[in-house]
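First comes the structure, then the notes that go with it.
Counting convention: from 1, in listed order, for ligands and their atoms alike.
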Amino acid sequence: MQNSVKRSVRQSVFLRAVVATLLIVVTVAAAFRFKAAGQQPNQQPNQPSNQQATPTPRPAITMVSPEDAAREMNNPRSKWFREAKYGLFIHWGLYAIPAGTWKGQQIPGIGEWIMNRAKVPVKEYEQLAAQFNPVKFNAEEWAQMAQDAGMKYLTITSKHHDGFAMFKSEASKYNIFDATPFKRDPLKELQAACAKRGIKLCFYYSQAQDWHEPNGAGNTWDFGPDDQKDFDQYLRNKALPQVREILTQYGQLGMIWFDTPRLMNEQRAEQFTKMVRELQPDCLINGRLGGKGDYRSTGDNRIPDQVVPGVWEVPATINDTWGYKSYDDHWKQPADIVFKLVDIASKGGNYLLNVGPTAEGVIPQPSQDILRKVGQWLKVNGEAVYGAGPTPFGQEFGKLSETQKDQRGQPVFEQAKEWRVTTKPGRLYIHLFTWPKEFALEGLKGKVTKAYLLADSKALKFSQSDGKLVVQLPDKAPGELASVIRLDVSGVNP
Ligand code: H79
């Protein structure tokens with residue numbers, strides 16, 4: 001393609017994106033009246049959707065102004081992240097030992113919350129450390145699985161709300177190296193394994209909730225109400241020193257993933273931001289610190305209905321828990337995960353998908369099998385995901401119901417699941433989740449010069465007139481999971 005054509009295509013993509021963005025901002029703003037999503041200081045984040053009986057009226061994500069969205073997009077620090085699209089979340093800690101059962105009782109809800117849900121006293125919960133000996137842990141295998149799965153970054157809990165550090169820490173002896181028979185630092189081992197494979201290593205750190213500390217947020221059953229605690233004492237003596245440790249002992253980090261900013265405020269958040277920027281200027285800060293981050297998270301397991309401008313990520317579970325639960329077999333299937341990955345990418349976001357390894361250090365086999373299946377799909381179709389931008393259309397997402405209303409009286413969004421679109425300059429990728437005889441697309445003004453399935457590279461017949469494109473498809477889909485048509489487009493408008 002000639003440069004001028006390329007440029008005009010790019011410009012038209014840009015123009016369309018601006019128009020689409022404006023439309024979406026208006027729609028979303030109207031739908032939500034600009035109410036912010038849940039990840040604000042002193043608020044509970046959204047619950048996993050599986051725990052909600054009725055569709056939640058809360059928006060999936062905080063919307064930002066077009067200027068802020070553009071700032072997020074143009075931030076050179078987030079370039080790798082915007083292109084990566086798909087990451088592995090790992091929740092691993094002492095909670096993998098009870099695995100959802102405390103004193104013979106199955107405790108409902110997410111597994112890493114067991115200490116809180118069963119109101120286990122610190123003195124009792126602490127004793128798990130003496131039993132934690134994950135001898136089957138193998139950093140090479142975990143990183144290899146992430147690579148086979150097609151995941152470009154790996155975000156692991158360095159300390160969750162239970163306060164137990166999964167790394168060697170001077171700031172608190174309540175850590176995997178000093179308080180367990182294992183006496184190894186798994187994060188150090190993962191650093192090497194990820195570096196070998198070019199996977200960005202990122203650490204989750206629960207900066208506010210720390211149920212082990214008298215002055216950390218969240219443990220009201222041992223230490224009384226949060227508003228009577230010396231929270232700054234906890235930040236000074238544990239959270240900030242440990243964040244300094246993870247920023248200085250594990251090489252270049254992709255990001256620190258903070259969570260549930262209870263008791264956080266701008267000044268407190270600023271102490272973390274300052275430390276991250278000083279020690280690792282390239283390290284991203286996620287959206288749940290309690291101040292401004294480099295990008296936004298949706299609520300847990302929440303996918304927006306439309307394109308969302310800016311940089312954002314959906315943290316999600318592969319079953320219904322983050323930390324391992326022995327009896328949670330509610331696995332999302334590969335087809336569902338491929339759909340969610342493409343759906344999120346076509347709306348402009350990243351998918352951070354979680355596994356919960358066992359107390360022995362093994363990623364449950366069903367998770368591994370599912371993720372590798374998705375990885376095989378990505379081997380064929382990855383060019384339509386990595387580095388791809390959102391759809392210039394939007395009609396494929398579905399529409400607001402004319403009859404059904406949610407609890408607040410707003411129309412329910414009826415999701416369509418037949419197809420999605422991702423883009424690169426001069427290209428459209430049509431992801432098909434059903435298999436019609438032909439694929440028809442309205443509103444395409446650019447000229448399609450070539451159409452083929454990524455799975456077999458064979459040219460497809462197509463016709464184009466009056467803004468309507470019709471692509472003829474073979475009788476059978478080339479694979480079991482979604483098939484992707486690549487359209488090469490020149491002229492004004494893909
Ligand atoms: O790390 C994962 C979760 O542990 C964390 N965010 C993801 C990435 C998270 N922290 N809080 N929440 C998610 C919201 C949790 C809500 C619940 Fe509950 C915990 C629902 C049931 C247990 C709050 C406490 C409501 C009931 C008990």
Can you check whether F203 and Y250 have ring centres sitting under 6.0 Å from each other? yes
With heavy-atom distances below 4.0 Å as the criterion, list the atoms of ligand 1 near [X].
X	answer
Y204	1 (O)
H91	1 (O), 2 (C)
D300	5 (C), 6 (N), 7 (C), 8 (C), 9 (C), 13 (C)
H160	1 (O), 2 (C), 3 (C), 4 (O)
E112	2 (C), 3 (C), 4 (O)

Should [X] be counted as touching ligand 1, given the test is an N or O pair under 3.5 Å?
X	result
W322	no
T260	no
W257	no

Ring pair (Phe, Tyr, Trp, His ring centres under 6.0 Å) between Y205 and H160, intermediate numbers included: CA-CA 6 Å; Y205 188 89; H160 203 265; over 10 Å; no
So which of I110, D259, N116 gets nearest to atom 5 (C) of ligand 1, if we judge by its closest heavy atom? D259
Pick, from F89, W113, Y95, the option with the minimum heavy-atom distance to atom 15 (C) of ligand 1. W113
For F177, all residues meeting ring pair (Phe, Tyr, Trp, His ring centres under 6.0 Å), sequence neighbours excluded: none
Regarding [X] and the six-membered ring of [Y], is the cationic atom NZ or CZ under 6.0 Å from the ring centre and inside 45° of its axis?
X	Y	result
K200	W80	yes
K417	F339	yes
K152	Y386	yes

Would you tell me whether Q106 and T101 have side-chain atoms, one donor and one acceptor, within less than 3.5 Å of each other? no
Is Q209 near ligand 1, meaning one of its heavy atoms is under 4.0 Å from it? no
How are the rings of H212 and Y174 set to each other: parallel, tilted or perpendicular (split at 30° and 60°)? parallel
